[in-house]
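This report refers to the structure that appears directly beneath it.
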Amino acid sequence: MNEPQKLSAVTVIGLGPMGQAMTRALLAAGHPVTVWNRTPARATDLVAAGATLAATPAEAVEASGLVLLSLTDYRAMHDILDRSTASLAGRTLANLSSDTPDRSREAAAWAAGHGADFLTGGVMVPAPMVGTPAAHVYYSGDPRLMERHTAVLELLGTPKYLGTDPGLAQMMYQAQLAVFLSTLSSLMHATAMLETAGMKATEALPELLASADQVGAILRAVEQVPGTALDAGEHPGHLSTVTMMGATADHIVETSTTLGLDLALPLAVQAHYRHAVDNGHGSDNWTRIIDAIRAPR
């Protein structure tokens, strides 16, 4: 009778909500998990669930071939591991923390300098959704590392590999958050507008969220593959023009001014449309506002 295959050991460093969720997903699948956190008390429930608490970062790293980092930023990685670099050789570090693409690239070079492999990751769901069918995680780095560790990484969420550039997953993560955070700010701005008319948030937000939910459908109704015209450098204005959308942006600024609301968000949006109009693109599609956002070429 064949004995069940022993699952690989995994280390998780950083036990905030995300790190704890990752650890629980790994434990539920039967992996031996070693954990470390600057505040050891955060590991208490995980240890009770079967995890092993390492006394030091070096001990945590040495316990597994794959080390998952779930930290505030990349500086925290260096604060924790710079004194344990002798333990890094032969390990794979998968850093799932948020920072800039450049710091991800620098971290990959730093890891290589100590004999370690490096994957950049971006988890695109909140902690309670880690390990569920709705979860997905972007990765970039050496594709051989993805092949080697896919069985573990897919326990956190569907892995989406973007390419060899260590900064690419971080870039996608930041781009996704740019959409997410801007949407949250716009929802709060719109809610504040409606509050001045006596509408409660419980009345306003369901209507506003319905509009937010429709954005993707609206864009796909115009183009089967959104972004096709943009990639071709085309901005056909037969449906919605910069001038039309810009007029709406002006009205939002005027209304917000009258209501005494903060103008940072509406003024930023208005500036994009005014830039396009001032450069003679008023009859183009609203996508022309990307010219005001792109880095100078």
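- When ring centroids are compared, Tyr138 and His136 come within the 6.0 Å threshold.
- A distance of 4.5 Å separates CZ of Arg38 from CD1 of Ile80, quoted to the nearest 0.5 Å.
- Contact detail for Gly141 and Tyr161: the closest heavy-atom pair is O-OH, 2.6 Å.
- At a threshold of 4.0 Å, the pair Arg105-Asp165 counts as salt-bridged, since one of the basic side-chain nitrogens sits closer than that to a carboxylate oxygen.
- Shortest non-hydrogen contact noted between Glu59 and Ala54 is OE2-CA, 3.4 Å.
- Checked by atom type and distance alone, the side chain of Ser97 pairs as donor or acceptor with a backbone atom of Leu71 at under 3.5 Å.
- Of the inter-residue distances, the one linking Tyr173 atom OH with Leu168 atom CG reads 15.5 Å to the nearest 0.5 angstrom.
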| task | Decide yes or no on side chain to side chain donor-acceptor pair (under 3.5 Å) for Gln170 and Thr120, but give the supporting numbers first. | result | CA-CA 7 Å; Gln170 194 68 252; Thr120 304; 5.9 Å; no
| task | Would you check, one step at a time, whether the test side chain to side chain contact (heavy atoms under 4.5 Å, CB included) holds for Met193 with Leu261? | result | CA-CA 8 Å; Met193 291 176 70; Leu261 303 181; 3.4 Å; yes
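- For the pair Asp142/Thr164, no side-chain contact is recorded, criterion being any heavy-atom separation below 4.5 Å from C-beta on.
- At distances below 3.5 Å, not a single donor-acceptor pair connects side-chain atoms of Thr52 with backbone N or O atoms of Thr34.
- Between Arg103 and Asp73, none of the side-chain N atoms (NZ, or NE/NH1/NH2) sits under 4.0 Å from a carboxylate O, so this pair counts as no salt bridge.
- Residue Arg144 places its CZ atom among 12 or fewer non-hydrogen atoms of other residues, nucleotides or ligands, all under 6.0 Å distant.
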| For Val33 and Leu46, what are the C-alpha separation, side-chain angles and deciding distance, and is it a side chain to side chain contact (heavy atoms under 4.5 Å, CB included)? | CA-CA 9 Å; Val33 183; Leu46 297 174; over 6 Å; no
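- By the 4.5 Å heavy-atom criterion applied to side chains, His149 and Thr92 are counted as neighbours.
- The shortest side-chain heavy-atom distance between Val35 and Ile13 does not fall under the 4.5 Å cut-off.
- Judged as a side-chain hydrogen bond (donor to acceptor under 3.5 Å, both in side chains), the pairs with a partner in residues 184-207 (not counting sequence neighbours) are, in order, His189-Ser256.
- Closest heavy-atom contact between Ala107 and Phe118: CB-CZ, 3.6 Å.
- Of the inter-residue distances, the one linking Met172 atom CE with Leu162 atom CG reads 5.5 Å to the nearest 0.5 angstrom.
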| When you look at Thr248 and Ile252, which way does the side chain to side chain contact (heavy atoms under 4.5 Å, CB included) test go after all the steps? | CA-CA 6 Å; Thr248 301; Ile252 295 169; 4.2 Å; yes
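- Taking the ring centroids of Trp110 and His78, they lie under the 6.0 Å cut-off.
- Thr11 places no side-chain N or O within 3.5 Å of a backbone atom of Val67 that could act as its donor or acceptor partner.
- A donor-acceptor pair under 3.5 Å is formed between the side chain of Thr241 and the backbone N or O of Met244.
- In this structure a side-chain-to-backbone donor-acceptor pair under 3.5 Å is present from His31 to Ser8.
- Contact check on Asp99 versus Arg75 returns no salt bridge, with no Lys/Arg side-chain nitrogen under 4.0 Å from an Asp/Glu carboxylate oxygen.
- Exactly one of Thr132, Leu96, Val125, Val123 qualifies for a side-chain contact (heavy atoms from CB on, under 4.5 Å) with Leu156. That residue is Leu96.
- To the nearest 0.5 Å, atoms NE2 (His272) and CD1 (Ile290) are separated by 10.5 Å.
- Pro57 approaches Ser84 most closely through the heavy-atom pair CB-OG, 3.8 Å.
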| query | Going through the checks in order, is the side chain to side chain donor-acceptor pair (under 3.5 Å) test met by Thr100 and Asp102? | reply | CA-CA 5 Å; Thr100 68; Asp102 282 346; 5.6 Å; no
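- Rounding to the nearest 0.5 angstrom, the gap separating the CE atom in Met22 from the CG atom in Leu153 is 10.0 Å.
- Heavy atoms only, all atoms of each residue included: His235 and Gly233 are closest at CD2-O, 3.9 Å.
- When atom types are taken as modelled, the side chain of Arg288 and the backbone of Val242 share no donor-acceptor pair closer than 3.5 angstrom.
- Across every non-hydrogen atom of Ser283 and Thr243, the tightest pair is N-OG1, 4.4 Å.
- One N or O on the side chain of Asn37 and one on the backbone of Leu15 form a donor-acceptor pair closer than 3.5 Å.
- Atoms OG1 and OH, from Thr150 and Tyr139 in turn, are 9.0 Å apart once rounded to the nearest 0.5 Å.
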| request: Please report the C-alpha distance between Asn95 and Leu119 in whole Å, then the side-chain angles of each, then the deciding distance to 0.1 Å, and finally whether the side chain to side chain contact (heavy atoms under 4.5 Å, CB included) criterion is met. | output: CA-CA 6 Å; Asn95 197 329; Leu119 278 173; over 6 Å; no
Using atom types as modelled, flag every donor-acceptor pair under 3.5 Å from a side chain in residues 220-231 to any protein atom, sequence neighbours excluded.
residue, atom, partner, partner atom, Å
Arg220, NH1, Gly216, O, 3.4
Glu223, OE1, Gly227, N, 2.9
Glu223, OE2, Ala229, N, 2.7
Thr228, OG1, Val225, O, 2.7

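- Atom CD of Gln176 is surrounded by more than 12 heavy atoms from other residues, nucleotides or ligands within 6.0 Å.
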